[in-house]
Amino acid sequence: MAYTYSIPDQGAAHFLTCTVVNWIDVFTRKDYSDIVENSLNFCIYNKGLIVYGYMIISNHIHLLVQTKNNNLSDVLRDFKKFTSQRIIDAIANNASESRKRRML
């Protein structure tokens, strides 16, 4: 189930938590956490995301972020959509992923 949260001050720094559906331990595999890091870097260099800190835990991500262009909702939407699709594709195409059936 997706939740919609409103960010009233788009230009302020925010502490955010993004969780994996059903709290599955996706990020115990480096390949999947690398996708998150690469996506963050893309948003930093191309979308004006400012990352003060982040932590990738086995089944969720903590972010302390802000944007240069006061469009945090848009950047987060794009980050989450792109990153989740890349992770799903990586899991589906990983022949050695023993947890594939449970994760997809």
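When reading the values below, keep in mind they use all heavy atoms of this one structure, side chains included, and skip hydrogens, waters and symmetry mates.
Under the 4.5 Å side-chain criterion, counting only non-hydrogen atoms from C-beta, Glu97 is in contact with Arg29. The closest side-chain heavy-atom distance from Thr19 to Asn59 is not below 4.5 Å. Looking at Ile61 and Val36, their side chains come closer than 4.5 Å, going by heavy atoms from C-beta outward.
Taking CG of Asp78 as the start and CG of Leu76 as the end, the distance is 9.0 Å to the nearest 0.5 Å. Atom-to-atom distance recorded for Met103:CE and Ile87:CD1 is 8.5 Å, nearest 0.5 angstrom. Atoms SG and CZ, on Cys43 and Phe82 in that order, are 9.0 Å from each other to the nearest 0.5 Å. Between the OH atom in Tyr54 and the CD atom in Glu37 there is a gap of 3.5 Å [rounded to 0.5 Å]. Separating the OG atom in Ser39 from the CD atom in Gln85 is a distance of 11.5 Å, to the nearest 0.5 Å. Between Asp89 atom CG and Ser84 atom OG the span is 9.5 Å, to the nearest 0.5 Å.
Judged purely by atom type and a 3.5 angstrom limit, Thr28 uses its side chain to pair as donor or acceptor with the backbone of Asp25. Between the Lys100 side chain and the Asn94 main chain, a donor and an acceptor come within less than 3.5 Å of each other. When atom types are taken as modelled, the side chain of Gln66 and the backbone of Gly11 share a donor-acceptor pair closer than 3.5 angstrom.
Across every non-hydrogen atom of Ala90 and Ile35, the tightest pair is CB-CD1, 3.7 Å.
When each of Ile44, Leu72, Leu40 is tested with Val65 by the rule side-chain contact (heavy atoms from CB on, under 4.5 Å), just one qualifies, namely Leu72.
Using a cutoff of 4.0 Å between basic side-chain nitrogens and carboxylate oxygens, Asp74 and Arg77 are scored as salt-bridged.
Each of Leu49 and Leu64 belongs to its own hydrophobic cluster when Ile, Leu, Val, Met, Phe, Trp and Tyr are linked at side-chain heavy-atom distances under 4.5 angstrom. Connection of Val21 to Leu104 is not established within any shared hydrophobic cluster, with ILVMFWY side chains joined at heavy-atom distances below 4.5 Å, either directly or through further cluster members. Ile57 and Val20 are members of different hydrophobic clusters when ILVMFWY side chains are connected at heavy-atom separations under 4.5 Å. No continuous path of hydrophobic side-chain contacts links Leu63 to Ile50 [ILVMFWY only; heavy atoms under 4.5 Å]. The hydrophobic cluster containing Tyr52 does not contain Leu16, counting ILVMFWY residues as joined when their side-chain heavy atoms lie under 4.5 angstrom apart, directly or transitively.
Applying the ring-ring contact (aromatic ring centres under 6.0 Å, His included) rule to pairs touching residues 13-32 yields Phe15-His62, Trp23-His60, sequence neighbours excluded.
A donor-acceptor contact closer than 3.5 angstrom is absent between the side chains of Thr67 and Gln10.
Looking at residues two or more places apart in sequence or on another chain, you find no ring-ring contact (aromatic ring centres under 6.0 Å, His included) involving Tyr45.
Other members of a hydrophobic cluster containing Phe42 are absent, since no ILVMFWY side chain comes under 4.5 Å of it, directly or through relayed contacts.
Counting non-hydrogen atoms of other residues, nucleotides and ligands closer than 6.0 Å to CG of Asn22 gives a total of 12 or fewer.
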